[in-house]
Participant: 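Pasting in a structure now, in structure tokens, and then I'll have a few things to ask.
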2 protein chains.
Amino acid sequence: MAQPIPIHKHSPLKASCHQCSLSNLCLPLAIEENELDRLEDIVQQGRIFNRGEHIFDQSTPFRSCFAVKSGSVKTSIITESGEEQVTGFFMPGELVGLDSMSSSTYACTAKALERTSVCEFPVEKLEDLTGKLPELQHHMYHLMSQEIQNGHQLAMLLSKNTAEERIAALLLSLSSRFQRRRLSPTNFSLPMARNDIANFLGLAVETVSRVFTRFQNQGLIRARGREVELLDVEALQMVTRDSSRQGC
Amino acid sequence: MAQPIPIHKHSPLKASCHQCSLSNLCLPLAIEENELDRLEDIVQQGRIFNRGEHIFDQSTPFRSCFAVKSGSVKTSIITESGEEQVTGFFMPGELVGLDSMSSSTYACTAKALERTSVCEFPVEKLEDLTGKLPELQHHMYHLMSQEIQNGHQLAMLLSKNTAEERIAALLLSLSSRFQRRRLSPTNFSLPMARNDIANFLGLAVETVSRVFTRFQNQGLIRARGREVELLDVEALQMVTRDSSRQGC
DNA sequence: CGTCCGGATTGATCCATATCAAAGTTGTAC
DNA sequence: GTACAACTTTGATATGGATCAATCCGGACG
């Protein structure tokens, strides 16, 4: 397990919500300086996890939500039967753990896909604070509702779309999330293994692999291991939308 | 569209959160009398919709969440290509519209599956109130998080389970929701058509139909149209769990 | 620099479920 | 009571992706 880096009150790190380049993605507040101060009061910043380390484990006491600062996180559920179901990938600026706010234990396990730093928000303090800052409360509702919608989107992908459509959708989702961080939307490195992609999208690894090569042969992408280049974003968008083929 | 029944302040209906048999399921509050009073101040009770009527429509301005009082509700998304994806079924005591709290318009359409009465919670007022009542805020987080988990559960069902497993899971889910309302968990009437079940579970109608008859032949259920009797709940639970077959 | 090992790719085959097609059934409006 | 429309069931066939089985690649490590 990872060893959190202890942060003392008034440590130099404490000021960094103000400086954090992700502050507008993570838990953005009105430009009220003191609101951001109060958020900083409750957050534990800069905890680092190495690739493969667990940020939290399913069924252990639920204490905190975590904002990804850098790196990336995979969440998954382990069923009674021992199967894994990947429930999401989280990139910098995104909040992990919202699905656990209904229970006293974590509903899933969160694992760092690479060296990853996170900010920790203890739930109790967070709830106190959202009770005082309507903007922040609103934003929490926003994030949770967004996550519900993501779930529906995924359900839709899983129940109605072909392997190609699912993978195109994932690539485009990642692309736009990189773009939001002002990184290249066409040239990035997948943080997760083919296996994780397959599991997340309800496919076999082999299928994922085949679709990648098919896309490559069609000139839609270039892929070398985890390194991916989107060569024809429009065509990829067509792929996802062409579940509407029959309508035309 | 349905015509809401106008409720005047201080109408006799106003007192009914106290009396409502679902108050412990819907938005339960500490036994503080005055908290329930404040909830009553913001809720519009007793709006009735007939079968097929829309409670709200995707892409129209998001104003309110709705608690189902009686009857049942189906939510679904219509994609650009015109396909429908059923995202959920809501029974009495459950709150519809949480997935829309991130946007200014409804993320889905909610349709009454039968004659249905709902209580309306205008979001603005609801957010104000949750800011003042920590218990209520906590409960909102709870409900939303629960819905995220439901989504993951569904995604899992869709990506890993066979038609039989999906349908067994749905029947058991409905069963326990009926039980929560102190109705028979083994003898109930499905509020939705086979079509909706199929769509929700990512199956073809024909498959749903076949699985129902298969279950019937195996003596697990008796089904006559929408009337269903669960004859062997344990066996149904086995069906859902037997995705763990290979482990034994 | 070779060896080893987990992950990725490629190929061949099979199966669960979609799809197509056609009756049945139920409810309900006239 | 009849008849239409919507829903459901049943049967025959087709197929996308799973599964099984090698092989291949890249990086860590001796």
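Just so it is clear, the values below take in all heavy atoms, side chains as well, and ignore hydrogens, waters and symmetry mates. Below, chains carry the letters A, B, ... as their sequence lines are ordered, and counting in each starts from 1. Worth saying up front: this structure is predicted, and the values here are computed from it rather than measured.
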Participant: In terms of the nearest nucleotide of DNA chain D, which residue is placed more toward the 5' end: A/V208 or A/R224?
Facilitator: A/V208
Participant: Just checking, A/R194 and A/F212: is the charged tip under 6.0 Å from the six-membered ring centre and within 45° of the axis?
Facilitator: yes
Participant: Whether A/R194 contacts C/dT9 is assessed here as follows: a side-chain N or O lying under 4.0 Å from the phosphate OP1 or OP2. Is that the case?
Facilitator: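 Yes, A/R194 has a side-chain N/O under 4.0 Å of OP1/OP2 on C/dT9.
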Participant: More 5' along DNA chain C: A/R210 or A/R226, using each one's nearest nucleotide?
Facilitator: A/R226
Participant: A/E227 CD to D/dC25 P: how many Å, rounded?
Facilitator: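 After rounding, the gap between these two atoms is 19 Å.
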Participant: What is the distance, rounded to the nearest whole Å, between atom CG of A/N199 and atom C1' of D/dA18?
Facilitator: 14 Å
Participant: Phosphate oxygens OP1/OP2 of C/dA18: is one of them under 4.0 Å from a side-chain N or O of B/T207?
Facilitator: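 Answer is yes, contact under 4.0 Å.
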Participant: In terms of ring plane angle, is the pair B/F178 and B/F188 parallel, tilted or perpendicular, where the classes change at 30° and 60°?
Facilitator: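 Correct class here is parallel.
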Participant: Could you tell me how far apart A/N161 (CG) and D/dG16 (P) are, to the nearest whole angstrom?
Facilitator: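 Rounding to the nearest Å, CG of A/N161 and P of D/dG16 are 15 Å apart.
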Participant: Check step by step if ring pair (Phe, Tyr, Trp, His ring centres under 6.0 Å) holds for A/F89 and A/F200.
Facilitator: CA-CA 9 Å; A/F89 302 111; A/F200 180 63; 5.0 Å; yes
Participant: Would you mind telling me which of D/dG17, C/dA8, C/dA18 lies closest to the side-chain atoms of A/A193?
Facilitator: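 Closest of the options to the side chain of A/A193: C/dA8.
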Participant: Between B/L203 (CG) and D/dT9 (P), how many Å, whole number?
Facilitator: 14 Å
Participant: Grab the NZ-C1' distance between A/K160 and C/dT17 for me, whole Å please.
Facilitator: 14 Å
Participant: Looking at A/E94 and A/R181, is there a salt bridge between them, counting it only when a charged N and a carboxylate O are closer than 4.0 Å?
Facilitator: no
Participant: Any side-chain N or O of A/S209 under 4.0 Å from OP1/OP2 of C/dT10?
Facilitator: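 Looking at the OP1 and OP2 atoms of C/dT10, neither is under 4.0 Å from any side-chain N or O of A/S209.
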Participant: What's the CD-P distance between B/E206 and D/dG11, to the nearest Å?
Facilitator: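 Atom CD in B/E206 sits about 13 Å away from atom P in D/dG11.
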Participant: If I take atom CZ in residue B/R166 and atom P in nucleotide C/dA18, what distance separates them, rounded to the nearest angstrom?
Facilitator: 7 Å
Participant: For B/F212 and for A/V205, locate the closest nucleotide of DNA chain D by heavy-atom distance; then report the residue assigned to the nucleotide nearer the 5' terminus.
Facilitator: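 The 5'-side residue here is B/F212.
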Participant: Have a look at B/A204 and say if it touches a base, only the backbone sugar-phosphate, or nothing, with a 4.0 Å heavy-atom cut-off.
Facilitator: base
Participant: In whole Å, what is the span from the CD atom of B/E165 to the C1' atom of C/dT17?
Facilitator: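 Rounded to the whole Å, the gap is 14 Å.
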Participant: Using the ring of each side chain (for Trp, its six-membered ring), is A/Y106 parallel, tilted or perpendicular to A/F62, with breaks at 30° and 60°?
Facilitator: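 Plane angle over 60°, so perpendicular.
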